[in-house]
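Keep in mind that what you see is a predicted model, and the values were worked out from it rather than measured.
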Amino acid sequence: MVKIYRHESLLGFFKGMSFPIASIAVVNSVLFGVYSNTLLVLTATSHQERRAQPPSYMHIFLAGCTGGFLQAYCLAPFDLIKVRLQNQTEPRAQPGSPPPRYQGPVHCAASIFREEGPRGLFRGAWALTLRDTPTVGIYFITYEGLCRQYTPEGQNPSSATVLVAGGFAGIASWVAATPLDVIKSRMQMDGLRRRVYQGMLDCMVSSIRQEGLGVFFRGVTINSARAFPVNAVTFLSYEYLLRWWG
């Protein structure tokens, strides 16, 4: 944090923010929409009926995995651009200093398309899919399990329960996701100057050889710290919107 501030000022902490803001509504609507509708198909019960007739954890996991799989392909280009912009380091603007490689998210997307082709915008998509498919299943199982544990049978969970369950669901999913998140980010940065990895498996093997198994949990602390408040609010919004509109 100190190095980012010294080198790039406060603006360095907000790199790559515009595309996630532009895409978050679409990505979350795909995730929660696919999850709810897949659960409806599997159980034939609406959201309002699920407290009286709770679905099995297997159904919750399968619905979550389906949502995670489809979310990953909507998210892949946006996530790639975010990672490229966040990893681009340049000092505070100085007269005569060379401009950064990417001038912004649109310029980044256009540059990737021009230099790496359409497939370049989906670099790391397989790692992203492998990250999100099972971990989103874990995400929803953790949330539902905690809600059931602390809610009287047949009732809706309280706001406090939803906040705590959503927060811990976010932490659980990120702890599970971080190893593939590391690989995904490295694959996305590969090709920026020259190709280092032959594929996802080569990236994993090379990372272990050079940095040991601990490399797969790099960033897990900051991911978990971010996950609790973000997912607590996400689930509270989800529950209240479904109750109002259900």
Novice: Run the side-chain contact (heavy atoms from CB on, under 4.5 Å) test against Leu146 and tell me which residues pass, sequence neighbours left out.
Specialist: Thr142, Tyr150, Ala165, Phe168
Novice: How does the hydrophobic cluster around Leu128 look, that is, which other residues are in it when side-chain heavy atoms under 4.5 Å mark a link?
Specialist: Val27, Leu75
Novice: Nearest 0.5 Å please: distance from the CZ atom of Phe14 over to the CG atom of Leu85.
Specialist: 15.0 Å
Novice: How far does OG of Ser185 sit from CZ of Arg218, to the nearest 0.5 angstrom?
Specialist: 11.5 Å
Novice: Does the side chain of Phe122 reach to within under 4.5 Å of the side chain of Leu80, using non-hydrogen atoms?
Specialist: no
Novice: Test side-chain contact (heavy atoms from CB on, under 4.5 Å) on Ile112 and Cys108 and set out the steps.
Specialist: CA-CA 6 Å; Ile112 293 169; Cys108 179; 3.8 Å; yes
Novice: If I compare all heavy atoms of Leu121 with all of Ala109, which pair ends up nearest, and what's the gap?
Specialist: CD2-O, 4.0 Å
Novice: List for me each residue that meets side-chain contact (heavy atoms from CB on, under 4.5 Å) alongside Phe13, sequence neighbours excluded, and say none if there are none.
Specialist: Met1, Ile4, Tyr5, Leu10
Novice: Only pairs at least two apart or in different chains count here, so list each side-chain hydrogen bond (donor to acceptor under 3.5 Å, both in side chains) that has a residue in residues 225-236.
Specialist: Tyr139-Asn231
Novice: Is NZ or CZ of Arg243 both nearer than 6.0 Å to the six-membered ring centre of Tyr240 and within 45° of the ring axis?
Specialist: yes
Novice: Just so I know, are the side chains of Asn87 and Gln188 near enough to count as touching, which here means a heavy-atom distance under 4.5 Å?
Specialist: no
Novice: With clusters defined by side-chain heavy atoms of hydrophobic residues (ILVMFWY) lying less than 4.5 Å apart, directly or transitively, does Phe228 cluster with Ile222?
Specialist: no
Novice: As an exercise, state the distance from CZ of Phe217 to CG of Asn223, rounded to the nearest 0.5 Å.
Specialist: 11.5 Å
Novice: Would you find more than 12 non-hydrogen atoms of other residues, nucleotides or ligands less than 6.0 Å from Phe69 atom CZ?
Specialist: no
Novice: For Thr221, what residues pass the side-chain contact (heavy atoms from CB on, under 4.5 Å) criterion, not counting sequence neighbours?
Specialist: none
Novice: For a quick test of your reading: what N or O donor-acceptor pairs under 3.5 Å do the side chains of residues 198-210 make, sequence neighbours left out?
Specialist:
unit_1 : atom_1 : unit_2 : atom_2 : d
Asp202 : OD2    : Gln198 : N      : 2.9
Ser206 : OG     : Asp202 : O      : 2.8
Ser207 : OG     : Arg186 : NH1    : 3.2
Ser207 : OG     : Cys203 : O      : 2.8

Novice: Assigning hydrophobic clusters by single linkage (Ile, Leu, Val, Met, Phe, Trp, Tyr; side-chain heavy-atom cutoff under 4.5 Å), is Phe216 placed with Met187?
Specialist: yes
Novice: Test of understanding: with side-chain contact (heavy atoms from CB on, under 4.5 Å), list the residues that count as partners of Glu153, not counting sequence neighbours.
Specialist: none
Novice: For the residue pair Pro179 and Ile183, establish whether any side-chain heavy-atom pair is separated by less than 4.5 Å.
Specialist: no
Novice: Among pairs that include at least one residue of residues 25-43, which meet side-chain hydrogen bond (donor to acceptor under 3.5 Å, both in side chains), considering only residues two or more places apart or in two chains?
Specialist: Ser36-Tyr238, Thr43-Thr45
Novice: Between Glu116 and Arg84, does at least one N-O distance fall below 4.0 Å, as a salt bridge requires?
Specialist: yes
Novice: Between Thr151 and Gln155, is any pair of side-chain heavy atoms under 4.5 Å apart?
Specialist: yes
Novice: Any non-hydrogen side-chain atom of Val136 less than 4.5 Å from a side-chain atom of Cys65?
Specialist: no
Novice: Looking only at heavy atoms, which two atoms of Phe61 and Ile141 are closest? And how far apart?
Specialist: CB-CD1, 3.4 Å
Novice: Hydrophobic clusters join Ile, Leu, Val, Met, Phe, Trp and Tyr when side-chain heavy atoms are under 4.5 Å apart, directly or via other members; which others share one with Leu11?
Specialist: none
Novice: Would you mind reporting whether Tyr143 and Phe235 have side-chain heavy atoms less than 4.5 Å apart?
Specialist: yes
Novice: Given the rule that I, L, V, M, F, W and Y join up when any side-chain heavy atoms are under 4.5 Å apart, are Leu241 and Phe32 in one cluster?
Specialist: yes
Novice: For residues Asp79 and Lys184, report the shortest heavy-atom separation together with the two atoms involved.
Specialist: OD2-NZ, 2.6 Å
Novice: Establish, yes or no, whether the cationic atom of Arg148 lies under 6.0 Å from the six-membered ring centre of Tyr57 and within 45° of the ring axis.
Specialist: yes
Novice: Spell out, yes or no, whether Phe113 and Ile81 are grouped together once hydrophobic residues are joined by side-chain heavy atoms under 4.5 Å, including indirect joins.
Specialist: yes
Novice: Check step by step if side-chain contact (heavy atoms from CB on, under 4.5 Å) holds for Tyr73 and Asp132.
Specialist: CA-CA 10 Å; Tyr73 272 90; Asp132 283 359; over 6 Å; no
Novice: Are Val230 and Val164 linked, directly or through other ILVMFWY residues, by side chains that come within less than 4.5 angstrom of each other?
Specialist: no
Novice: Which residues, ordered by chain and number, are linked to Met58 in its hydrophobic cluster, where ILVMFWY side chains connect at heavy-atom gaps below 4.5 Å, directly or through other members?
Specialist: Leu42, Leu62
Novice: Nearest 0.5 Å, what's the OG1-CG distance between Thr135 and Leu130?
Specialist: 10.0 Å
Novice: Only distances under 3.5 Å count here; give the side-chain donor-acceptor pairs of residues 169-178 to other protein atoms, sequence neighbours excluded, each with its distance to 0.1 Å.
Specialist:
unit_1 : atom_1 : unit_2 : atom_2 : d
Ser173 : OG     : Ala169 : O      : 3.2
Ser173 : OG     : Gly170 : O      : 2.9
Thr178 : OG1    : Trp174 : O      : 2.6

Novice: Checking Tyr197 now: which residues fulfil ring-ring contact (aromatic ring centres under 6.0 Å, His included) with it, not counting sequence neighbours?
Specialist: none
